[in-house]
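Here's the structure we're looking at; comments come further down.
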Amino acid sequence: MSDLVLVLNCGSSSIKYQLLHADSAEVLASGLVEKIGEAHGGRIVHECGDRKLVHEGAIADHRAGLRQAFEMFRETGIDLTTIGVSAVGHRVVHGGEVFWQPTLITDEVVRTIDELSVLAPLHNPANVIGIESTRELLPDIPEVAVFDTAFFHAMPEAARTYAIDAKLAAAHGVRKYGFHGTSHHYVSERAAQFLGKPVSDLDQIVFHLGNGASASAIAGGVAVDTTMGMTPLEGLVMGTRPGDLDPGIMPQLMNAAGLDLAAVEQLLNRESGIKGLSGVNDFRELQQLIDNGDAAAKLAYDVYIHRLRRYLGAYLVELGRVDTIVFTAGVGENSPAVRADALAGLSGFGIEIDPDRNATRTPGVRVISPDTAPVAVLVVPTNEELAIARAAHRLVGAG
Ligand code: ADP
């Protein structure tokens, strides 16, 4: 069977896609559909080898976006219906308590993902639309859902339970689920491979620091805690999300500042975090502001680092020991300053960074701790698309 997989990541107004070989990781084509459903700014950028096609114009819905993207595949010589795609792998954000394995998509599975939208109203509906549109456009290719929550399904009860009315929580699925699981799983396995040890022998702390950010504690390959919660708002400070907040702040703001529910959601999802504190959400812009002496930007950075260190400490104690600390995603892979500041002054715990290694950028997995340090600190580029492609290919290959 061919190992070609089309991976789709459907957001509320965007679709990221990649056509790749699950075995070799070779990418044949990739693209981004943006501003779906908006009157202005609709755009598809499609890359295939050294060719780059750009389509500009309103994109009515996800189906129209996919249809146009598939047309761009054809323009670069790839007909998705005949090239031998073995599976379409969908990133699905919330699997609730139902899904923790890659799952072959059936009508029943789509219905259940849709029902789980109550837990992820910003994400699961877009995933369902993406799945349904693909089924119409590529009806003969099996589809597989890979869930962002899956890796965290086995967290101990004490780590995943919120201390609120137990009946209310049970009735409404209120518990910690965790997100970015595909990335945490992938980089923790890559780290073990790199160190030449079975993942079951390693206790790891992983920092996935992108626009969204999360940390996890992984004991012998099993995730035992993570910073994101029932929704992707909890935990670390992020580009536009605050991470941990005193729950009393929201009713207070609703009372005192007159915010309604929609305004609170907007505040928490789009206007908080680094952006709320500094006005920018991109870390490169933040760095620029700091270099120019901007005090608000410096405070945003300090709050970000303080939160990272708080969870590092928590996870060190939860695990009781740590073999490996892994940094991944946009900020984690690219910001030596964040890595150095997150781990500064911890040599008493066996945690050290070699400044030259930290500053030297090389492709692939790299170690940034000195060889003599007991804890291996690694930078591991994440590749969620490859992890989804491999999971989907394994599942349809086994079927
Ligand atoms: P997501 O997939 O969550 O949208 P990414 O993993 O692509 O996000 O990470 C995006 C973040 O990474 C942005 O804040 C961006 O500024 C940051 N980033 C990318 N490159 C660099 C860099 N060279 N230095 C510092 N930050 C970077």
Sidechain-backbone polar pair: R241 side chain, G273 backbone, donor-acceptor under 3.5 Å: no
Full working for side chain to side chain contact (heavy atoms under 4.5 Å, CB included) between V144 and V5: CA-CA 10 Å; V144 175; V5 178; over 6 Å; no
R74 to F70, cation-pi by 6.0 Å centre distance and 45° axis angle: no
Side-chain donor/acceptor of S278 to backbone N/O of A297, under 3.5 Å: no
Whether R43 side chain and V54 backbone form a donor-acceptor pair below 3.5 Å: no
V380 vs F194 side-chain heavy atoms within contact, under 4.5 Å: no
Check against side chain to side chain contact (heavy atoms under 4.5 Å, CB included), N124 and D114: CA-CA 6 Å; N124 273 32; D114 202 19; over 6 Å; no
Sidechain N-carboxylate O distance under 4.0 Å for D61, R63: no
Side chain R366, main chain T360, donor-acceptor under 3.5 Å: yes
N269 versus T240, closest heavy-atom pair with distance: O-OG1, 2.8 Å
Joint hydrophobic cluster, F151 plus Y315, side-chain heavy atoms closer than 4.5 Å: no
Side-chain donor or acceptor of T226 paired with backbone N/O of A215 under 3.5 Å: yes
R190 side chain to V365 backbone, donor-acceptor under 3.5 Å: no
Closest non-hydrogen atom pair between L268 and P242, with its separation: O-CD, 3.1 Å
Student check: side-chain heavy atoms of N9 and I388 closer than 4.5 Å: no
Residues T182, R91; criterion side chain to side chain contact (heavy atoms under 4.5 Å, CB included); working and verdict: CA-CA 9 Å; T182 304; R91 174 188 187 215; 5.9 Å; no
Single-linkage hydrophobic cluster V7~Y186, side-chain heavy atoms < 4.5 angstrom: yes
Separation of E97 CD from R175 CZ (nearest 0.5 Å): 4.5 Å
Modelled atom types, side-chain donor and acceptor of H62 and S133, under 3.5 Å: no
Single hit among W100, Y177, F147 for ring-ring contact (aromatic ring centres under 6.0 Å, His included) with H153: W100
Name every donor-acceptor pair, under 3.5 Å, that has one atom in a side chain of residues 19-39 and the other anywhere in the protein, sequence neighbours excluded.
{"from": "H21", "atom 1": "ND1", "to": "D3", "atom 2": "OD1", "distance (Å)": "2.7"}
{"from": "S24", "atom 1": "OG", "to": "E26", "atom 2": "N", "distance (Å)": "3.2"}

Greater than 12 external heavy atoms within 6.0 Å of R270's CZ: no
Side chains of Y304 and L286 in contact at under 4.5 Å (non-hydrogen atoms): no
Residue pair G130 / T134: nearest heavy atoms and the distance that separates them: O-OG1, 2.5 Å
Salt-bridge criterion met for K298 and D302 (N-O under 4.0 Å): yes
Test side chain to side chain contact (heavy atoms under 4.5 Å, CB included) applied to Q193 and E189, step by step: CA-CA 6 Å; Q193 251 172 24; E189 294 206 327; 5.8 Å; no
Distance (rounded to the nearest 0.5 Å) between H184 NE2 and M228 CE: 7.5 Å
